[in-house]
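Letters go in sequence order (proteins before strands), and every chain restarts at 1.
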Number of protein chains: 2
Amino acid sequence: MAQGVGTRPRGAGRAQLHETALRLFARDGVEGTSLQSIADDMGVTKAAVYYHYRSKDDLVLGVLAPLFEELDALITRTEAHRGRQARLDEFLTGIVGLIVDGHSRFAVFAGDPYVGRLIMSHHDLLHWFHRIVAAVGADTDVPGRAALLIFLSGMTAPLKDAGVSGLPTAEQRHLLLECGRRLLQVRRR
Amino acid sequence: MAQGVGTRPRGAGRAQLHETALRLFARDGVEGTSLQSIADDMGVTKAAVYYHYRSKDDLVLGVLAPLFEELDALITRTEAHRGRQARLDEFLTGIVGLIVDGHSRFAVFAGDPYVGRLIMSHHDLLHWFHRIVAAVGADTDVPGRAALLIFLSGMTAPLKDAGVSGLPTAEQRHLLLECGRRLLQVRRR
DNA sequence: GTCTATAGAAGGATAGAC
DNA sequence: GTCTATCCTTCTATAGAC
């Protein structure tokens, strides 16, 4: 069956490259991972990597691309709800799912200094963040924004803990969701 | 006045080196900061940096050293309290203080992949984490540990937000403390 | 689609003059 | 305490054979 644009079968090598690169990025950081080490891990040479992407930056963006799409869809879904509580719930559920099932893509996205700078100059991370902030109604509310930031940037940490990563993913989701709800619950003065 | 061990005045250059290195580490990540760029920023040469530290790893540890001492003191102080609630309170207040007043030392410590690996092989980060976990009584409690991890690793994010970093430090402390309390409050089933 | 070979830049680190 | 000069390694990236 034809599966997309063009006739060329878009290599299985590409999928393996994504998988390998993501794993090393998550473990050693993007700047701590050379194209050489990726190639070594795959048992090929650097030049084989350059066949798929013409620069390291491109590779990083390529690896993160699926996350960008899912993030975009989640925000759109969130914006469709009415009422802050409903939006918060949709967003939290969705983002927790992305993190637990995302094979550490989110950790690389949110935790790596190199990625931060890269995104800032390509996709504009700020645009997404503003949409998120507005979608959950935290744009006029400094404490709310602070809580959201803590959650977004801290959320991936428990998954590296042995006691948590050993749990079934359903429980991981539940655990993170609990934390998110506790942290982001609106407070009346 | 004699001020410490030895006769040599432990240069003012060293203090400036610490300040510069910390600023660049926080902005670009440790691996994204070359000794060359540090030297350039200070208006000296690489060799001048090597006078103070014999390797980059040593420089990183030197820059973080004050944090290690403060962290150690805080944990000891926390362990002295009786009752989980009192310990949690002492710890939260202390750690928030370290982060707000620490000139981004904690951000580099907790957020940089390079530092993670470095500490693992020198000071043993795990030892500290276990002491922290035990001190606030989260060692047998997986959800509690997850919440603690989210807080410790996410806590520095709001301070990079313009709306938060513009506040007086007293309010920043209050804001973070609120989030910590909400997140770490013990839940009965 | 994968390889060898190599260019060219940048990084960490050292020796020794001033 | 800071400099110049240099070494060695590693990195990104390209050219061109198979």
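- Comparing A:Ala48 and B:Ser37 along DNA chain C, the residue whose closest nucleotide (by nearest heavy atom) sits nearer the 5' end is A:Ala48.
- Closest approach to the A:Thr45 side chain among D:dT12, C:dT4, C:dG12 is made by C:dT4 (side chain taken as heavy atoms from C-beta onward).
- At whole-Å resolution of the value, OH in A:Tyr50 and P in C:dT4 are 16 Å apart.
- Rounded to whole Å, the distance from CD on B:Glu31 to C1' on C:dG12 is 12 Å.
- DNA chain D lies under 4.0 Å from no heavy atom of any residue of residues 55-66 of chain B.
- B:Val108 places none of its side-chain heavy atoms less than 4.5 Å from the side chain of B:Val63.
- Residue pairs meeting the side chain to side chain donor-acceptor pair (under 3.5 Å) criterion with at least one member in residues 104-114 of chain A, sequence neighbours excluded: A:Asp57-A:Tyr114.
- Put simply, the side chain of B:His103 does not reach to within 4.5 Å of the side chain of B:Glu19, judged on heavy atoms.
- Counting heavy atoms from C-beta on, the side chains of A:Leu148 and A:Phe91 come closer than 4.5 Å.
- Counting to the nearest Å, the P atom of C:dC3 and the NE2 atom of A:His52 are 10 Å from each other.
- Rounded to whole angstrom, the span from the CE atom of B:Met42 across to the P atom of D:dT2 amounts to 7 Å.
- Of the candidates D:dA15, D:dT4, D:dT12, D:dT12 carries the atom nearest the A:Ser34 side chain, counting heavy atoms from C-beta on.
- Rounding to whole angstrom units, NZ of residue B:Lys46 and C1' of C:dA15 are separated by 14 Å.
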Practice prompt. Go through the steps to decide whether B:Asp40 and B:Gln36 satisfy the test side chain to side chain donor-acceptor pair (under 3.5 Å), and finish with yes or no.
Written response: CA-CA 6 Å; B:Asp40 288 351; B:Gln36 185 67 66; 3.1 Å; yes
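- At whole-Å resolution of the value, CG in A:Asp28 and C1' in D:dT10 are 15 Å apart.
- Of the candidate nucleotides C:dT2, D:dT2, C:dA13, D:dT2 has the atom lying nearest to any side-chain atom of B:Tyr51.
- Ring geometry, A:Trp128 versus A:Phe68: the interplanar angle falls under 30°, so the pair is classed parallel (tilted spans 30 to 60°).
- Between the CD atom of A:Gln36 and the C1' atom of C:dC3 there is a distance of 13 Å, given to the nearest Å.
- The CG-P distance, from B:Leu118 to C:dG12, rounds to 14 Å in whole Å.
- Sequence order on DNA chain D of the closest nucleotides to A:Leu35 and A:Ala47 puts A:Leu35 first from the 5' end.
- Using a 4.5 Å heavy-atom cutoff, the side chains of A:Arg181 and A:Leu177 are in contact.
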